[in-house]
S.K.: 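The structure under discussion is supplied below as structure tokens; questions concerning it will follow.
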Amino acid sequence: QVQLVESGGGLVQAGGSLRLSCAASGRTFTSYAMGWFRQAPGKEREFVASHKWRGITTYAANVADSVKGRFTISRDNAKNTVYLQMTRLKPEDTAVYFCAADRYGSSWYGGPGRASSDYWGQGTQVTVSS
């Protein structure tokens, strides 16, 4: 049974940092696209960052003044784990963060609520206080 389990969320003050982890089990995801999405209350799930098997990383460009430059996605294939290092957090980053794994990730970049994925994690809450 394939599982994606996120961890590392919590409450942090604005300007602080958190590192999210997503541990995958049940199969090897070396050749899969791995990514992070988030969903704030009353909003649709939106893309945050992705890491494809060739090492290509992509970050959301129009989300909360852009996460690029503040967030860094990385993966450890030996551990079947993907990470999201978040720095200079803002209150608008508050959301449930979801890990995703997909063979290609082709639908991930089409806008909020449009992404589909082969696998999703259950999510981890990130709350940034002002």
Side-chain angles (χ1 to χ4, degrees):
Q1 181 181 359
V2 173
Q3 281 190 311
L4 302 179
V5 179
E6 302 96 334
S7 61
L11 174 64
V12 64
Q13 288 188 332
S17 300
L18 283 173
R19 189 176 85 151
L20 305 183
S21 299
C22 171
S25 61
R27 67 161 298 143
T28 301
F29 287 94
T30 304
S31 62
Y32 272 57
M34 302 290 292
W36 289 95
F37 291 75
R38 68 187 184 186
Q39 187 168 16
K43 295 188 177 181
E44 295 190 275
R45 189 174 301 187
E46 62 184 7
F47 167 76
V48 175
S50 65
H51 191 298
K52 296 195 173 180
W53 71 276
R54 291 185 176 180
I56 298 172
T57 57
T58 303
Y59 296 90
N62 59 349
V63 173
D65 297 327
S66 181
V67 300
K68 190 174 183 180
R70 299 190 297 122
F71 292 6
T72 303
I73 188 170
S74 61
R75 67 195 289 172
D76 185 335
N77 287 329
K79 295 182 178 180
N80 228 15
T81 299
V82 63
Y83 304 96
L84 185 69
Q85 178 69 50
M86 305 186 293
T87 63
R88 290 181 282 140
L89 282 161
K90 305 176 181 181
E92 49 265 45
D93 294 319
T94 294
V96 177
Y97 283 70
F98 296 90
C99 175
D102 189 78
R103 184 63 183 91
Y104 299 108
S106 302
S107 72
W108 286 0
Y109 314 106
R114 297 185 178 184
S116 62
S117 190
D118 292 336
Y119 306 102
W120 292 98
Q122 83 289 348
T124 185
Q125 177 70 46
V126 171
T127 303
V128 184
S129 63
S130 57

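In this chain, residues are counted from 1 in sequence order.
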S.K.: Would you mind reporting whether R103 and S31 have side-chain heavy atoms less than 4.5 Å apart?
M.R.: yes
S.K.: With rounding to the nearest 0.5 Å, note down the distance linking CH2 in W36 to OH in Y83.
M.R.: 10.5 Å
S.K.: Do V48 and V12 sit in one hydrophobic cluster, given that two such residues count as connected whenever their side-chain heavy atoms are within less than 4.5 Å of each other, even indirectly?
M.R.: yes
S.K.: Find out whether F29 and V82 are in side-chain contact, i.e. whether some heavy atom of one side chain is under 4.5 Å from a heavy atom of the other.
M.R.: no
S.K.: Would you please say whether a donor-acceptor pair under 3.5 Å links the side chains of T127 and Q125?
M.R.: yes
S.K.: First locate atom OG of S50, then atom OH of Y109, and finally report the distance between them rounded to the nearest 0.5 Å.
M.R.: 3.0 Å
S.K.: If you compare all heavy atoms of A100 against all heavy atoms of S117, which two are closest, and at what distance to 0.1 Å?
M.R.: CB-OG, 3.6 Å
S.K.: To the nearest 0.5 Å, what is the distance between OG1 on T30 and CZ on R75?
M.R.: 7.0 Å
S.K.: If we only count heavy atoms from C-beta on, is the E6 to Y97 side-chain gap below 4.5 Å?
M.R.: no
S.K.: Could you tell me the separation between the NE2 atom of H51 and the CD1 atom of I56, rounded to the nearest 0.5 Å?
M.R.: 9.5 Å
S.K.: Which pair of heavy atoms, one from P91 and one from S130, lies closest together, and at what distance?
M.R.: CG-CB, 3.9 Å
S.K.: For a 4.5 angstrom cut-off between non-hydrogen side-chain atoms, does C99 reach W120?
M.R.: no
S.K.: Is a side-chain N or O of T87 found less than 3.5 angstrom from the main chain of R70, in a donor-acceptor match?
M.R.: yes
S.K.: At their closest point, which heavy atom of S21 faces which heavy atom of T81, and how far apart are they?
M.R.: CB-CG2, 4.5 Å
S.K.: Are I73 and Y32 connected in a single hydrophobic cluster, I mean Ile/Leu/Val/Met/Phe/Trp/Tyr linked by side-chain heavy atoms less than 4.5 Å apart?
M.R.: yes
S.K.: Show the nearest heavy-atom pair for residues A60 and F47, with the distance to one decimal.
M.R.: CB-O, 3.3 Å
S.K.: Starting at CD of Q3, measure out to OH of Y119 and round the result to the nearest 0.5 Å.
M.R.: 12.0 Å
S.K.: Tell me whether the count of non-hydrogen atoms from other residues, nucleotides or ligands lying under 6.0 Å of CZ in R114 goes above 12.
M.R.: no
S.K.: Taking side chain as C-beta onward, heavy atoms only, is D93 less than 4.5 Å from R38?
M.R.: yes
S.K.: Quick one, L89 and F71 - any side-chain contact, counting heavy atoms below 4.5 Å?
M.R.: yes
S.K.: For L84, which of L20, V126, T124 qualifies under side-chain contact (heavy atoms from CB on, under 4.5 Å)?
M.R.: L20
S.K.: Got T72 and Y59 here, is their nearest side-chain heavy-atom distance under 4.5 Å?
M.R.: yes
S.K.: Identify the two heavy atoms, one from E44 and one from P112, that lie closest to each other, and give their separation to 0.1 Å.
M.R.: OE1-O, 3.7 Å
S.K.: Assess, by modelled atom type and distance only, whether the side chains of S107 and S116 contain a donor and an acceptor separated by less than 3.5 Å.
M.R.: yes
S.K.: Donor-acceptor pair, distance only, cut-off 3.5 Å: does the side chain of T94 make one with the backbone of V128?
M.R.: yes
S.K.: Measuring only between side-chain heavy atoms, which start at C-beta, is L4 closer than 4.5 Å to F98?
M.R.: no
S.K.: For M34 versus A101, what's the shortest heavy-atom pair and its separation?
M.R.: SD-CB, 3.5 Å
